[in-house]
*Asks:* 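One structure, pasted below without further comment.
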Amino acid sequence: MIRKKNHKNLTINLPPKETIQVIQKELLDWYNQNQRDLPWRINKDPYRIWVSEVMLQQTRVDTVIPYYERFMKQFPTLEDLANATDEQVVKAWEGLGYYSRARNLHSAVKEVVEKYAGKVPDQPETISQLKGVGSYTTGAILSIAYNKKVPAVDGNVMRVFSRLFAIKEDIASATTRKKMEYLADSLIPDQAPGDFNQALMELGALVCTPVSPQCLFCPVQSVCHASHQGIQGELPYKKKAKPPLKVPVLFGWITSDSKVLLEKRPNKGLLRGMWALPTWEDVIESKALDTMQKIVIENNWLVKNINIKGNLEHIFSHRHWKISLVTVELIEQGLEPSSNLKWISLDDIEKIALPNVYRKALKMLV
DNA sequence: CACCCGTGGTG
DNA sequence: TCACCAAGGGT
């Protein structure tokens, strides 16, 4: 290995030139033979590449495919998406999670229409200013759609590099990530940067997998430090994540006259800006009925009946909701609709973008 | 830098 | 069963 320092004075071991050439050739050959047939690979339309990259953030390929197919059918061009309403876009995203991705994408696409005449920027400084376009997505769009020599370091690439070069540092740290980006920048070939970036990710997805990597089928096994040392199973190193915090919550199924009350969640925090069943946090199961009765009294609602309807759990990445479901039937709709409160019929609820945790609750009620 | 932000699949 | 994870970004 050649020890080098980059502009930020990080010490980085770069492989010798011959090794770099082996990696480039073997990876590109392998990718040409083994790449999957994926719907975002039918052409190089920057808009199509962009949508796929945003959907794929922290989300599996198999999960994304049906969403992507529907999304591209509904919004075939960048202009179509720009002209859509926010509600339409978020509805198309329903069930995918991380809903801010949809709002950011929508907002960014509108910005591209207004400021760049509908052409997706092809410079890193410009495109990375768009909402929801970070370092990885910048590299992915520029290399895949525009064939620019910009690294795209995602979780796959970090895993592949950590094994290939036996890097034992925590891949969650910003410093390690900088090293990885510098490595990627040093490895990426002039000829086919987009294919090379995708080859790294494809290798991580198909061969250099998180558990039981298939080193026997790896095109770069001959130059892999982890494989030679037999430590591929130990890498990449990652600090253990904290378990999600358990929070007891109360969902209200508040109905009147065959309509149900929906509440818009605040513009910050979990499921921000999404329509939801009225939700109260830190209400334990044994207090669910009491709490709902208090709420009814405080609001002077005229109530036919209040019932516990059941319990369910939902685990987010950092929250674990233990949910009590309580139904309230009002004699009359004593609540004025507002910007964050509305009555809606059961038919119309299908048209609203509801997070899956609320869809799950709905299934227990209808 | 540490934390927040969804969901469903898997071994 | 449950810990871990999947083509990250924002703050």
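Both backbone and side-chain heavy atoms feed into the values below; hydrogens, waters and symmetry mates do not. Letters go in sequence order (proteins before strands), and every chain restarts at 1. None of these values were measured; they are calculated from a predicted model.
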*Asks:* Specify the closest pair of heavy atoms between A:P236 and A:I171, including all atoms of both residues, with the distance to one decimal.
*Replies:* CB-CG2, 3.7 Å
*Asks:* Test your reading of the model: is there a side-chain donor-acceptor pair from A:E313 to the backbone of A:K322, 3.5 Å cut-off?
*Replies:* no
*Asks:* Please answer whether the main-chain N or O of A:E350 pairs with a side-chain N or O of A:K91 as donor and acceptor at a distance below 3.5 Å.
*Replies:* yes
*Asks:* Send over the distance from A:D170 CG to B:dC1 P, rounded to a whole Å.
*Replies:* 10 Å
*Asks:* Expressed as a whole number of angstroms, how long is the span from A:E94:CD to B:dG6:P?
*Replies:* 14 Å
*Asks:* A:L235: which other cluster members, linking ILVMFWY side chains closer than 4.5 Å, directly or transitively?
*Replies:* A:I231
*Asks:* For DNA chain B, which consecutive runs of 3 or more Watson-Crick or G-U pairs (each distance under 3.5 Å) count as stems?
*Replies:* B:2-5 with C:8-11, B:7-11 with C:2-6
*Asks:* When rounded to the nearest Å, what value does the distance between P atoms of B:dC5 and C:dA7 take?
*Replies:* 23 Å
*Asks:* Filter on ring-ring contact (aromatic ring centres under 6.0 Å, His included), then keep only pairs touching residues 238-293 of chain A, sequence neighbours left out; what's left?
*Replies:* A:F251-A:W321, A:F251-A:Y358
*Asks:* To the nearest Å, how far apart are A:Y358 OH and B:dG6 P?
*Replies:* 11 Å
*Asks:* State whether A:T175 places a side-chain N or O below 4.0 Å from either non-bridging phosphate oxygen (OP1 or OP2) of B:dC1.
*Replies:* yes
*Asks:* Roughly how many Å is it from CH2 in A:W321 to P in B:dC5, rounded to a whole number?
*Replies:* 10 Å
*Asks:* Measure from the side-chain N and O atoms of A:T19 to the backbone N and O of A:K17, and report whether any donor-acceptor pair falls under 3.5 Å.
*Replies:* no
*Asks:* Contact class for A:R159 vs. all strands (heavy atom < 4.0 Å): base, sugar-phosphate, or nothing?
*Replies:* sugar-phosphate
*Asks:* Is it the case that the side chain of A:H314 and the backbone of A:R319 share a donor-acceptor pair, with hydrogens and angles ignored and the cut-off at 3.5 Å?
*Replies:* no
*Asks:* With a cut-off of 3.5 Å and sequence neighbours excluded, list every side-chain donor-acceptor pair involving residues 121-132 of chain A.
*Replies:*
unit_1	atom_1	unit_2	atom_2	d
A:S128	OG	A:P124	O	2.7

*Asks:* Quick check: closest heavy atoms across A:R48 and A:I42, and the distance to 0.1 Å?
*Replies:* NH2-CD1, 3.3 Å
*Asks:* Without swapping roles, check the side chain of A:S52 against the backbone of A:I49 for a donor-acceptor pair under 3.5 Å.
*Replies:* yes
*Asks:* Assess whether a salt bridge exists between A:D37 and A:R41, defined as any Lys/Arg side-chain N lying under 4.0 Å from an Asp/Glu carboxylate O.
*Replies:* no
*Asks:* Using salt bridge (charged side-chain N to carboxylate O under 4.0 Å, His left out) as the criterion, list what pairs up with A:K351, not counting sequence neighbours.
*Replies:* A:D348
*Asks:* Taking only N/O atoms, report every protein-nucleotides 7-10 of chain B pair under 3.5 Å with atom names and distance.
*Replies:*
unit_1	atom_1	unit_2	atom_2	d
B:dT7	OP1	A:Y99	OH	2.9
B:dT7	OP1	A:N356	N	2.7
B:dT7	OP2	A:H314	NE2	3.1
B:dT7	O3'	A:N356	ND2	3.0
B:dG8	OP1	A:N356	ND2	2.1
B:dG8	N2	A:R60	NH1	2.1
B:dG8	N2	A:R60	NH2	3.3

*Asks:* Counting only N and O atoms by type, is there a donor-acceptor contact under 3.5 Å from the side chain of A:E263 to the main-chain atoms of A:L261?
*Replies:* no
*Asks:* Hey, is the main chain of A:G204 close enough, under 3.5 Å, to the side chain of A:R159 for a donor-acceptor pair?
*Replies:* yes
*Asks:* For A:K268, which contact category applies under a 4.0 Å heavy-atom criterion: base, sugar-phosphate, or nothing?
*Replies:* nothing
*Asks:* Please work out which residues in residues 38-57 of chain A have a non-hydrogen atom less than 4.0 Å from an atom of DNA chain B and list them by number.
*Replies:* none
*Asks:* Name every residue in residues 121-134 of chain A that has at least one heavy atom under 4.0 Å from any atom of DNA chain C, in order of residue number, or write none if there are no such residues.
*Replies:* A:K131, A:G132, A:V133, A:G134
*Asks:* With sequence neighbours left out, write down each residue that passes side-chain hydrogen bond (donor to acceptor under 3.5 Å, both in side chains) with A:N104, or none if nothing qualifies.
*Replies:* none
*Asks:* When you measure from the side chain of A:T138 to the backbone of A:Y136, do you find a donor-acceptor pair of N or O atoms at a distance under 3.5 Å?
*Replies:* no
*Asks:* Distance check, C1' atoms only: B:dG8 and C:dT1, in whole angstrom units.
*Replies:* 16 Å
*Asks:* Which nucleotide span of DNA chain C, 5' end to 3' end, has atoms closer than 4.0 Å to non-hydrogen atoms of chain A?
*Replies:* C:dC4 to C:dG10
*Asks:* Which parts of residues 144-157 of chain A get close to DNA chain C, meaning a heavy atom less than 4.0 angstrom away?
*Replies:* A:D154, A:G155, A:N156
*Asks:* Provide the closest heavy-atom pair for A:V357 versus A:L312 in the form atom of the first, atom of the second, distance.
*Replies:* O-CD1, 4.4 Å
*Asks:* Within the structure shown, what part of the strands sits under 4.0 Å from A:A140 by heavy-atom distance: base, sugar-phosphate, or nothing?
*Replies:* nothing
*Asks:* Starting at the 5' end of DNA chain B, which residue's closest nucleotide do you reach first, A:S100 or A:A172?
*Replies:* A:A172
*Asks:* Would you mind telling me which residue lines up with the more 5' stretch of DNA chain B, A:A174 or A:S212, judged by nearest nucleotide?
*Replies:* A:A174
*Asks:* Cationic tip of A:R103 within the cone over A:Y99's six-membered ring, i.e. under 6.0 Å and within 45° of the normal?
*Replies:* no
*Asks:* Among all residues two or more places apart in sequence or in another chain, which pass the salt bridge (charged side-chain N to carboxylate O under 4.0 Å, His left out) test with A:D190?
*Replies:* A:K149
*Asks:* Considering every strand and a 4.0 Å limit on heavy-atom distances, what is the contact class for A:S135: base, sugar-phosphate, or nothing?
*Replies:* sugar-phosphate
